[in-house]
K.L.:
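One structure follows; several queries about it will come next.
Convention: sequence-line order gives letters A, B, ...; per-chain numbering from 1.
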There are 2 protein chains.
Amino acid sequence: MTKPPNDTRRPLTLRDVSEASGVSEMTVSRVLRNRGDVSATTRSRVLEAAKQLGYVPNKIAGALASQRVNLVGVIIPSLGNLVFPEVLAGISDGLEGSGLQPVVGVTDYSPEKEESVLYEMLSWRPSGVIIAGLEHSEAARAMLINAGIPVVEIMDADGEGVDSVVGISHRRAGLQMAEAIVTAGYKRIGFLGSKMPEDHRARKRFEGFKEGLAAAGLSIADEEFYGGGSALAKGREMTQTILTRSPDLDFLYYSNDMIGAGGMLWCLDTGYDVPNQIGMAGFNGLRLLDGFSRRLATMDSCRREIGLKAAEIIAGVPHSGMIGGEKLVLEPVLQMGDTIRKV
Amino acid sequence: MTKPPNDTRRPLTLRDVSEASGVSEMTVSRVLRNRGDVSATTRSRVLEAAKQLGYVPNKIAGALASQRVNLVGVIIPSLGNLVFPEVLAGISDGLEGSGLQPVVGVTDYSPEKEESVLYEMLSWRPSGVIIAGLEHSEAARAMLINAGIPVVEIMDADGEGVDSVVGISHRRAGLQMAEAIVTAGYKRIGFLGSKMPEDHRARKRFEGFKEGLAAAGLSIADEEFYGGGSALAKGREMTQTILTRSPDLDFLYYSNDMIGAGGMLWCLDTGYDVPNQIGMAGFNGLRLLDGFSRRLATMDSCRREIGLKAAEIIAGVPHSGMIGGEKLVLEPVLQMGDTIRKV
DNA sequence: GTGAAAGCGCTAACAT
DNA sequence: ATGTTAGCGCTTTCAC
């Protein structure tokens, strides 16, 4: 394979391949897309020329002409949180074989940024959009409705979607965890979470959690919130802080596994008897934490499957018909781990 | 903000805005792009009409006409490994304000997939490509050279690049770690890593490491490799395995911090005296691990800065001139942590 | 099985 | 400050 002789710095076009092979542009196009009937000889002659020249088709022109773009916009709040790359992995799997490619946009949990990222994406006329959460600005919702393409809102099932929805009920997840804690006999419960008002899923879990406690006549005894930084380190710090302030707490509910793991490390280092003296639980079911000596109680957020299903919905929608409106609510499984005492 | 009255399911065009506002398509285009002089009145009339209709420009057509695409292709091996999202964050920062947007492609460490992802990306005629590593297939190299756009190969500086290069010398990183270990007086050294033949950076670190040991008349006493799974858990398992097989090892060098942390947890749980009985070190400088009770010795891989600089190179290249060929070698800092004994 | 013509929705370049 | 014309590189459609 020698270096293609593209001396002129002008990108190669179909016409170049056409001239090099002595075949019309149209037929070259057919060969390169495996469309229509082309004789074996013409076919191989074209492929030879294309390879020889190092021709790379121009999808921009192709997309404009065909009104077809094999891209799926994926909009998520962050890449720093382990959870989202896993959703992406699921999406990537779900798109496998469909010819569609994900294009990722990150919002940093900012509604304004979400709006601009969405606008940017839609301007490339993707075949579909997968977007985290159900809460969007008015303008963003309008764009999603108006885009005329399948939209899947993922990760959250507590609310109304624009089109299709794939997620779990975070409210119910919080509620179920509260029930498990109450059943185990814990009474003085602390909550530790992030102070991101725009993390609606964390907020809903917290609300469901409080609701579950309330049903048993209990409420949050103390709470602690954090901003940026290494989640593990923050979990450690916050745990020390809250237990110093409220030494009588017998359970700590963390809004995610990373801070929960940090808290667990601190409790074990400090000599707490987990789960008898103090119980603890997180959220997400992060496999990352499998290597710890104790397994933190948690609840799987089904993120890989969510990505997979969302992608399948996009990939499965026929090019014209677009029915949509599916709502798929997955059921997370409570994993008791080693940090909730047996009843 | 009422729902835009786009009754016909046909996407809106510039012409629609033109008709709605009574301004020529060309002037509408100018307004929407803030290009050229437009009177304040026409301007506001156009913006009003565009907003009213919910018009989203078609970048495909725009790109085709202007031969300008504000996209930067970013090709990385994986999203599951913490390291790459951090590089992405750096790229995202470096692109800030340039008007360029990253489009991410994942190769799963497969040269074939890298080739197809690259082909796919180039077919969108991006303004530049940032790609992990210096090792590519012949065809991939040819595409990169032939693309006629700035290319930045990142993360590795041990070798020749196609155009610009931003990275660290993994060989030197391994070598320096070996020197630190030798200096601390360790003699019986084990290596634990992944068995990914395509992870050239890990391979180079290992080679540099062995070279560093050799310079002191030492060599690897035992080694252990792993495949998939939770890295923390694997680090734990492998550490048990290698120390059972070779109980006389006094140092363990891990190819990354996650397996190193797993190993550290196991050693501490098992009652090893770290760092006196056994020392250990990883690689990457993961801040994620800040919450552990001991800090693992490690070496910063400068991944955020690598992303930042690579993006700046792409963003800084003038639209035509394309000089390129920069090579930026960053210097990782050795962090001794708590797992190498003081001399 | 192959080719010619028209045009996708925009913007560069040139009017005015 | 605004409008007109001619394409960008491909694919659709229709002809042969």
K.L.:
Quick one: which of D:dG3, D:dG9, C:dA12 gets closest to the side chain of B:L64?
P.N.:
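Closest of the options to the side chain of B:L64: D:dG9.
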K.L.:
Among C:dG1, C:dC10, D:dT12, which is the nearest nucleotide to the side chain of A:S66?
P.N.:
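That would be D:dT12.
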K.L.:
Starting at the 5' end of DNA chain D and moving along, which residue's nearest nucleotide shows up first, A:A65 or B:T27?
P.N.:
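Checking each residue's closest nucleotide, the 5'-ward one belongs to B:T27.
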K.L.:
Taking the side chain of A:V23 as heavy atoms from C-beta outward, which of C:dG3, D:dT12, D:dT4 is closest to it?
P.N.:
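Nearest to the side chain of A:V23 among the choices is C:dG3.
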K.L.:
Choose from D:dT4, C:dC10, D:dC10 the nucleotide whose nearest atom is closest to any side-chain atom of B:N58.
P.N.:
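Minimum distance to the B:N58 side chain belongs to C:dC10.
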K.L.:
Of the listed nucleotides (C:dG9, D:dC10, D:dT4), which one gets closest to any side-chain atom of B:M26?
P.N.:
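So the nucleotide nearest the side chain must be D:dT4.
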K.L.:
Side chain to side chain contact (heavy atoms under 4.5 Å, CB included) with B:V162: which of B:I131, B:L144, B:V129, B:L134?
P.N.:
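So, applying the side chain to side chain contact (heavy atoms under 4.5 Å, CB included) to B:V162 and each of B:I131, B:L144, B:V129, B:L134, only B:L144 qualifies.
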K.L.:
If you measure only the distance, is there a donor-acceptor pair under 3.5 Å linking the side chains of A:T107 and A:S110?
P.N.:
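Judged by distance alone, the side chains do not pair up.
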K.L.:
Which nucleotide in the list D:dG9, D:dT11, C:dT11 gets nearest to the side chain of A:R33?
P.N.:
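The nucleotide sitting nearest to the side chain is D:dT11.
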K.L.:
Should the pair A:E25-A:R15 be classified as a salt bridge under the 4.0 Å nitrogen-to-oxygen rule?
P.N.:
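Looking at A:E25 and A:R15, the cut-off is met.
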K.L.:
Carefully, step by step, assess B:E115 and B:M143 under the rule side-chain contact (heavy atoms from CB on, under 4.5 Å).
P.N.:
CA-CA 9 Å; B:E115 209 174 297; B:M143 282 192 260; 3.7 Å; yes
K.L.:
Check A:D158 with A:R201, please: is the shortest side-chain N to carboxylate O separation under 4.0 Å?
P.N.:
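Judged by the 4.0 Å cut-off on N to carboxylate O distance, A:R201 and A:D158 do not form a salt bridge.
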K.L.:
Roughly how many Å is it from CD in A:E19 to P in C:dG3, rounded to a whole number?
P.N.:
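My rounded result for the distance is 13 Å.
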K.L.:
Just to confirm, is there a sub-4.0 Å distance from OP1 or OP2 of D:dA1 to any side-chain nitrogen or oxygen of B:T42?
P.N.:
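Checking B:T42 against D:dA1: no side-chain N or O falls below 4.0 Å of OP1 or OP2.
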K.L.:
Can you work out whether B:R35 or B:A61 has the more 5'-proximal nearest nucleotide on DNA chain C?
P.N.:
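Of the two residues, B:A61 wins.
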K.L.:
Under 4.0 Å, heavy atoms only, any strand: does A:D37 hit a base, just the sugar-phosphate, or nothing?
P.N.:
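Here A:D37 touches the bases of the nucleic acid.
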K.L.:
Using OP1 and OP2 only, check whether a side-chain N or O of B:Q67 sits under 4.0 Å from D:dG9.
P.N.:
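Answer is yes, contact under 4.0 Å.
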K.L.:
In terms of side-chain heavy atoms of B:E25, which of D:dG9, C:dC10, D:dT13 is nearest?
P.N.:
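Selected nucleotide: C:dC10.
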K.L.:
Can you tell me how far P of C:dG9 sits from CZ of B:R15, to the nearest Å?
P.N.:
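Going from B:R15 (CZ) to C:dG9 (P), I get 10 Å.
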K.L.:
Within the structure shown, what part of the strands sits under 4.0 Å from A:R30 by heavy-atom distance: base, sugar-phosphate, or nothing?
P.N.:
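The answer is base, as A:R30 lies within the cut-off (heavy atoms under 4.0 Å) of a base atom.
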K.L.:
Identify, between A:Y55 and B:R43, the residue whose nearest nucleotide on DNA chain D lies closer to the 5' end.
P.N.:
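Its nearest nucleotide lies further toward 5', so the answer is B:R43.
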K.L.:
A:R68 has a side chain; which of D:dT12, C:dG1, C:dC8 sits nearest to it?
P.N.:
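Within the option list, the nearest is D:dT12.
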